[in-house]
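If you're wondering where the values come from, they're calculated on a predicted model, not measured in any experiment.
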Amino acid sequence: MNRFSPSTPLEPAILQMIEQINALFTEAVGPIGLELSKSVFARWLAAGKLGAAGLRRYIKALSEQIEDAGAKENFLTKADRLLLRLQTGQ
């Protein structure tokens with residue numbers, strides 16, 4: 001489900017990747033991840049660092065919300081795999 005408005009200036013592939021990253025984040029932090037990801041997304045979008053390269057900044061911003069070191073490491077590993085798939089077109 002897409003939680004972002006139709007006016008969000010991002011390509012559909014990027015929006016889909018963000019949804020997958022947000023799901024990983026929510027898996028790491030629990031239900032509060034939905035609200036946290038909305039807040040981080042709004043700040044990321046306002047910063048204007050969009051596109052595939054900007055996704056790394058988004059992932060980093062989300063990871064800063066994860067207190068547990070193991071959960072943070074797991075999130076970053078899984079998110080990096082998603083980015084790799086995007087970059088290789090898989």
Worked verdict on L62 versus W44 for side-chain contact (heavy atoms from CB on, under 4.5 Å):
CA-CA 10 Å; L62 286 174; W44 176 76; over 6 Å; no

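- Between L36 and Q65, the shortest heavy-atom contact is CD2-OE1, 4.0 Å.
- The CG atom of N74 sits 8.5 Å away from the CG atom of L24 when rounded to the nearest 0.5 Å.
- Contacts of V29 classified as side chain to side chain contact (heavy atoms under 4.5 Å, CB included), with partners at least two apart in sequence or in another chain: F25, I32, I66.
- Applying the side chain to side chain contact (heavy atoms under 4.5 Å, CB included) test to Q16 and every residue at least two apart in sequence or in another chain returns Q20.
- Side chains of Y58 and N22 form a contact here, defined as non-hydrogen atoms less than 4.5 Å apart.
- The side-chain hydrogen bond (donor to acceptor under 3.5 Å, both in side chains) test applied to R57 returns no partner, not counting sequence neighbours.
- Side chain of S37 to main chain of L34: a donor-acceptor pair is present (N/O by atom type, distance under 3.5 Å, no hydrogens or angles).
- Residue L55 holds its CG atom at 4.5 Å from CD1 of I14, rounded to the nearest 0.5 Å.
- Residues satisfying the salt bridge (Lys or Arg N to Asp or Glu O under 4.0 Å) test with E27, not counting sequence neighbours, are K78.
- The salt bridge (charged side-chain N to carboxylate O under 4.0 Å, His left out) pairs that include a residue from residues 59-68 are K60-E64, where partners are two or more places apart or lie in different chains.
- For L76, the side chain to side chain contact (heavy atoms under 4.5 Å, CB included) test picks out I59, S63, K72, with sequence neighbours left out.
- Here CZ of R85 is found 5.0 Å from CG of L82. Values are rounded to the nearest 0.5 Å.
- With a 4.5 Å cut-off on side-chain heavy atoms, R43 and V40 count as touching.
- Inspection of the T77 and R81 side chains reveals no N or O donor paired with an N or O acceptor under 3.5 Å.
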